[in-house]
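Working notes for the structure below.
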Amino acid sequence: EQNRLQRLRTMPATTQDGHSVALLANIELPQDAVAATRAGAAGVGLFRTEFLFMNRQELPGEEEQVQAYRRALEAMQGLPVTIRTIDVGADKPLDGRLGGDNLLEADGNPALGLRAIRWCLSQPEMFLTQLRAILRASVHGPVRILVPMLAHASEIDQTLALIAEAKSQCDAAGIAYDRHLQVGAMIEIPAAALALPLFLNRVDFLSIGTNDLIQYTLAIDRADNAVAHLYDPMHPAVLHLIASVIDQAKAAGVPVAVCGEMAGDASLTRLLLGMGLTEFSMHPSQLLHVKQEVLRADCRRLVPIVRRLRSLYEPAAIQAALAELQSA
Ligand code: PEP
Ligand code: MG
């Protein structure tokens, strides 16, 4: 089985009816890029940079970050690397008091607290350090910036302003960087999915984070075993949000990916293809399994089934449509 999958590594990920699909890797540390290239990833769709900040007593400095991003870029050998800005909090806590008083995990409700982009915007010097490090690394390969946990227009506006400021700081210091570096928004808070034009009008690409989108849509803590049985990617509300984001992004001509766990679940590949998705980012170990599904799939058969599935609400009916997709 592993050998057979390994043979798919260099094959283009194209459906039976000729749609070409980008299969990218999620990484947590630069050294994970090795597994990504081994799986034949077309790039990194999600570099979870918060892992550089976790399990330590002080924040990594600018130089250390440049080297980490550079290492990932060099390992990817010219393929694009999507660097997500720090997404700490809740399931990804910082050590001790590193986050400052406002990020104390013991208080309140960390999943709804000052986390991810909210925390970054509350620590502009820390955030500027990361943005400068990403800009400096961008001369070593194609980089895209991805911003997590957006809900408000003001959050992306402030982020874009800080990116512009980081660029002027580089300019003033005579530091080279990619001037056309793209900026994307993670769609993982239901409000962002429901008010998508706010983001379509401001960014170059979107990436749907289904892990948090499910958590916040269903009010199910993704790390709480007591409610794990209610964490359901096939809930019709979740499916509606994902399908609607893909539809709207395509209509606006804005590239859209899925980078949550759903993208790496080979039993959901046909569902996402049938929604029109052409960019998936996942753990490297899942990539060839998903590629096998892409190679076998025919969107002409999937699209009408998914269109019908989108009008269903009953779990049994949704499951039946999903089974129909598997044999289509
Ligand atoms: C997600 O929320 O789906 C996602 C990809 O980000 P993370 O799992 O790191 O929160
Ligand atoms: Mg997330």
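The basis for the numbers below is simple: all heavy atoms, side chains too, and nothing from hydrogens, waters or symmetry mates. Each ligand, and each atom within it, is numbered from 1 in the order the structure gives.
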(message) So, of the N/O/S atoms that D212 has, which is the nearest one to the Mg ion (ligand 2)?
(response)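 In D212, the N, O or S atom with the shortest distance to the Mg ion (ligand 2) is OD2.
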(request) Could you pull out the atom name of the N/O/S atom in E188 that is nearest the Mg ion (ligand 2)? (result)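 Relative to the Mg ion (ligand 2), the closest nitrogen, oxygen or sulfur of E188 carries the name OE1.
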(message) Which residue is it: R84, Q65, Q130, E28? I am looking for the one with a side-chain hydrogen bond (donor to acceptor under 3.5 Å, both in side chains) to T49.
(response)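 Of R84, Q65, Q130, E28, side-chain hydrogen bond (donor to acceptor under 3.5 Å, both in side chains) with T49 is met by Q130 alone.
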Is the contact between [X] and ligand 1 made by the side chain, the backbone, both, or neither, using heavy atoms and a 4.0 Å cut-off?
| X | result |
| --- | --- |
| M282 | neither |
| D87 | side chain |
| L46 | side chain |
| E261 | neither |

(request) For ligand 1, find out whether one of its N or O atoms is nearer than 3.5 Å to an N or O atom of R48. (result)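 Yes.
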State whether a side-chain donor-acceptor pair under 3.5 Å links [X] with [Y].
| X | Y | value |
| --- | --- | --- |
| Q215 | D212 | yes |
| S244 | Q248 | yes |
| R71 | Y69 | no |

(message) With a 4.5 Å cut-off on side-chain heavy atoms, are V258 and T210 touching?
(response)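 In contact.
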(message) For a 4.5 angstrom cut-off between non-hydrogen side-chain atoms, does Y231 reach R222?
(response)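 The answer is yes; the side chains approach within 4.5 Å.
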With a cut-off of 4.0 Å, which atoms of ligand 1 are near a heavy atom of [X]?
| X | result |
| --- | --- |
| G260 | 3 (O), 5 (C) |
| C259 | 5 (C) |
| R222 | 2 (O), 7 (P), 8 (O), 10 (O) |

Do me a favour and list the nearest non-hydrogen protein atom to [atom] with residue, atom name and distance?
| atom | value |
| --- | --- |
| atom 7 (P) of ligand 1 | K92 NZ, 3.4 Å |
| atom 6 (O) of ligand 1 | R84 NH1, 3.0 Å |
| atom 3 (O) of ligand 1 | N211 N, 2.7 Å |

(request) Nearest 0.5 Å please: distance from the CG atom of L271 over to the CG atom of L239. (result)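 Here the rounded value is 6.0 Å.
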(request) Would you check, one step at a time, whether the test side-chain hydrogen bond (donor to acceptor under 3.5 Å, both in side chains) holds for H283 with S285? (result) CA-CA 5 Å; H283 192 278; S285 66; 2.8 Å; yes
(request) Determine, for F205 and R144, whether the Lys NZ or Arg CZ falls below 6.0 Å from the six-membered ring centre while staying within 45 degrees of the axis. (result)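 Yes.
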